[in-house]
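Everything below concerns the one structure shown next.
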Amino acid sequence: MSRPSPLLLVLSVVVAAGTAHADPKQHRYVGIHPVPRAEGGGMCHIQAPHVHVYAAVEGRVQFRDHDGWQHFVGDPVAYGWDGPKVAYYGHHPVPVDVVVGDDHPDVEYCYLDGPHYHAWAPPAGLQLELRGGAYWYVGEFPKAYVEARPVYDPIDVVYQPIRYERPVIEVSVAPPRWYGAVVVAPTVVVAPPVVVAPPVRPAPPGHVHGGVGVEVHVPLPSVRVEVAVPTVQIGIGGGVIIGGGRGHGRGRGHDKGKHKHGRGHR
Amino acid sequence: MSAPTTAPRRGARVTVAMMALVAATALAACGKADKPAGGGTAAGDDALIAAWRKAGLEVSALTAVDGKPYSAQACRGGTVSGVDIVLCRYDSGEDAHAAEELGLATLGAATGASLAHGARLLVVADRRKTDPSGRTIDAILTAFRS
């Protein structure tokens, strides 16, 4: 039995390495989804089934499998989505087959607390009631929702460090049949950037200014973040109220009566 | 008597045969023009190209490409707003759907899609990374699926 020559072995390794490089793992997606920062960030707008060579952003909690394709169930606005958006409040079903437009029935669940967006409007019959500009789920949550909750419920942790504008929802208009967690978000105040034009300097006597000079200072937007320590209040009939609690600075949480939630929510 | 009449008849037959041949060739040529490589009609492709253009996309000339990687007799390829596309036709929708995986296998490291619609397969590959947000690919696929 003849031994392969060392040169052949080296060539084989090189070819194998080259093949591995040329054939990276494809990750399958269906519907819009966030693009990893390393790949440029933002949102991928492709609705139809498609592939990338990068893994899903927080795939464990933000995506659901649909026939072998990963479907994003998080809030696209948090990643810069500028397309159509619909406001929701609290947990609710996600009719994946309707969202992606195929004929394989697949209902998953969104575990985002409080006000958030999706890029789809709910189909009729999903028991989502429109109140105060947002959809609230007033149906029963099945066993599948309860069983999957330990896995998917931590999705809110993903959104905590993301600064974006959530929908403003009047919690007091929540449907009577709705039962969920009322979230009082910390207040985030974002001041608009200020453009300061330089004072016009008179030219010295006898001096002719031949060029046009523009000096514009564009300071970074100042962001005042008021983070409140969340507290949980259990109310009778009104669901669980997760409030902003004691705020640091002016962002004092309050969850009695009527209040707006969402703007500047983390 | 018969000899003189036979020659013209034979000539007439030859003329008729030639005319028939010309007509058949013309018909075949028309058929080919209306039936691009891989089967189907060109009208469908023309409608798709028109839909892409209507969506504001720039469509290059589509030229014949090897259909073997897609298990198609032949396909046509080009670019749509800088994104590579290959459009193949099959005898049936089942054949086109069965070829979706083959289309994905041709993408390599590129972002893309392989989608069957009817008896056609469209493979889209952003090999030059001209469409990082996927808006162009989405427009290409949306027009194809509608």
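Lettering of chains follows the sequences in order, A, B, ..., and the numbering in each one begins at 1.
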| said: What I want to find out is whether Arg135(B) reaches Asp82(A) closely enough, with some N-O distance under 4.0 Å, to be called a salt bridge. | reply: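 Counted as a salt bridge, because a side-chain N and a carboxylate O are separated by less than 4.0 Å.
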| request: Check each of Ile140(B), Leu141(B), Val124(B) against Ile46(A) using the side-chain contact (heavy atoms from CB on, under 4.5 Å) test, and report the only one that passes. | output: Leu141(B)
| For the student: nearest non-hydrogen atoms of Ala48(A) and Leu115(B), plus distance |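 Smallest interatomic distance, heavy atoms only, reads CB-CD2, 4.0 Å.
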| Contact summary for Pro49(A) and Ala113(B), nearest pair of heavy atoms | O-CB, 3.5 Å
| note | Rounded to the nearest 0.5 Å, the OG1 atom of Thr111(B) sits from the CD atom of Glu39(A) at a distance of 7.5 Å
| field | Atom pair CG/NE2 of Asp131(B) and His45(A) - distance to nearest 0.5 Å | value |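 One gets 9.5 Å once the value is rounded to the nearest 0.5 Å.
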| field | Part of Ala139(B) lying under 4.5 Å from any heavy atom of chain A | value | neither
| message | Tell me if the CZ atom of Arg145(B) is crowded by more than 12 foreign heavy atoms within 6.0 Å. | response |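 Counting other residues, nucleotides and ligands, CZ of Arg145(B) exceeds 12 neighbours.
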| field | Gln26(A) portion near chain B, given a 4.5 angstrom heavy-atom threshold | value |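 Side chain only.
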| query | What are the residues of residues 93-104 of chain B, in order of number, with any heavy atom under 4.5 angstrom from a heavy atom of chain A? | reply |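 Listed by number, the contacting residues are Glu101(B), Leu104(B).
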